[in-house]
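Worksheet: the structure to be examined is printed underneath.
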Amino acid sequence: NKIRRNAAFAAVEVRRSLSGHTDGVWDVDYSPISNIVATASADHSARLWCPETSTCLLKYLGHSGSVNSVRFHPSLPMLCSASGDGRIHIWRVPPSSTSPTNHVPKSGSQINVVPPPPATVSLPLSPSCETVTPSSSQIPSGGFYNDMSNIASWAQGQDSFMSDDELNDRLLEEQAENADKSSQLRMPLSHLSGHLGVVIAAQWMADGDHVASASWDRTVKLWDAETTQCVATLTGHDQELTNVSCHPSEKLVLTSARDTTFRMWDLNSFDCHPVHVLQAHSSTVTSAIFSSKGHVISASDDRTVKVWDVRQMRTPTVTIRASTPVNRIAVSRNARLLALPQDNRHLRLFDINGVRLDKSSQKQGHRRMVTAAAFVPGDESQEDHVSMYSVGFDNRLISWGAVLPNN
């Protein structure tokens, strides 16, 4: 169960580093359907990015607290995001956001300028919910849904004596300068309210009709995405939850918490009791996720990552010992690789058997804690080439490429 070092390491390199968030980034997800990347940040926004052009396609500004997680729908151009404001939002990927050349609206087009939402009853958030990040000491109240300025007017008032080529050049310059402001969305399709504290994570169930959410109120809730009704509340954790993960094909949910446990819930049963309660770590369990091949992988602040066989959850099959706490881990779609984002600014790459594949030095990587990672499924058809993304508290999204060793 100890780390086995491979003599031939993977060649890992930074492909792109994207900036735009103004506070730490908590989460990242990739959509193979739209070929875009989503990030969730403590700056109260979620963003959509184009991998090909390294540009921000859309800023989602619907939350009034830190955005702690973001996940794409399994088959539709929609996302769910969880926030320190106590809510889960469901919002759509605008059609223009899937095209690298189309994300700046033309003059006079509609650009998601919406009136303020109807008044809602504030959730009774506890004081701890107002300190979801070290740099965000208080959730602002009021004035968040101010009307947006008509940013489409940037193309108006140009010199009528410009030639077509000069005008096009000027428009391209203006487009580059205003790209980050041009696509903003403030209103969700719907929001899910009911938690009594920070919602730290939310994820779509495999059927795409339900969302599971985890909160600092120590509960997990299952929501009907169409009716926005809570259909089940799962209780049992003794401290705040840290993450939730849904099985890619079954009605199974994993939850992790600060109580040093992670739990597996079978939503086919009506009693809503966990089928497994694992107290296999000595500190906060930061995440527990499923693989597509019958594994469960758990990560902890105790500096270990453990791989389990879902058919036999008594003891882990592999234990990886890291040098610092490990945050929201990722597993590749073919279940061969693990990405370990760590507090020491490093993103480590292991195979599912616990063999470390990357070298020690990552001088071009993150400058602060790495919080989450995501693999790009499309690149895994080539057995020796891997692409992945990571985010951290240096406010950046980094794209990585790796060439695996032959053995």
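Numbering starts at 1 and runs along the sequence shown. Computed from heavy atoms alone, side chains included, the values below leave out hydrogens, waters and symmetry copies.
Remark: the N395 side chain and the D23 side chain contain no N/O donor-acceptor pair separated by less than 3.5 Å. Checked by atom type, the side-chain pair S54/R16 shows a donor-acceptor distance below 3.5 Å. Inspection of the W400 and S390 side chains reveals an N or O donor paired with an N or O acceptor under 3.5 Å. Between the side chains of S387 and R15, at least one donor-acceptor pair of N or O atoms lies under 3.5 Å. Side chain to side chain, T255 and W265 meet the donor-acceptor criterion of an N or O pair below 3.5 Å. Using a 3.5 Å distance cut-off with no hydrogens or angles, the side chains of K306 and S298 do not pair a donor with an acceptor. If you check the side chains of H195 and S213, you find a donor sitting under 3.5 Å from an acceptor. Residues S83 and H89 have side chains that never bring a donor and an acceptor to within less than 3.5 angstrom of each other.
In this structure, the side chain of T286 engages the main chain of V326 through a donor-acceptor pair within 3.5 Å. At least one donor-acceptor pair closer than 3.5 Å links the side chain of N68 to the backbone N or O of V199. Side-chain atoms of N353 never come within 3.5 Å of backbone atoms of V355 as a donor-acceptor pair (strictly under, hydrogens ignored).
V331 has its side chain out of reach of L337: every pair of non-hydrogen atoms, C-beta onward, lies at least 4.5 Å apart. Taking 4.5 Å as the limit, some side-chain heavy atom of L349 sits within range of a side-chain heavy atom of M388.
Taking the six-membered ring wherever Trp is involved, the centroid distance between the rings of F262 and W308 falls below 6.0 Å.
A salt bridge links R71 and D27; the closest N-O separation between the charged side-chain nitrogens and carboxylate oxygens is under 4.0 Å. Between R303 and D301 there is no salt bridge, since none of the side-chain N atoms of the basic residue sits less than 4.0 Å from a carboxylate O of the acidic one.
Just one of D302, T261, T260 meets the side-chain hydrogen bond (donor to acceptor under 3.5 Å, both in side chains) condition when paired with H281; it is D302.
Scanning both residues, S256 and S287, for their nearest heavy atoms gives OG-CA, 3.5 Å. When all heavy atoms are compared, the tightest approach of P188 to Y60 is CB-OH, 3.2 Å. Between V244 and A214 the shortest heavy-atom distance is CB-CB, 3.9 Å. The shortest non-hydrogen separation linking L267 to M205 is CD1-CE, 3.5 Å.
Seen from the ring of W91, R186 does not count as a face-on cation partner, given the 6.0 Å and 45° thresholds.
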Checklist entry - When you look at W26 and S41, which way does the side-chain hydrogen bond (donor to acceptor under 3.5 Å, both in side chains) test go after all the steps? => result CA-CA 5 Å; W26 286 117; S41 172; over 6 Å; no
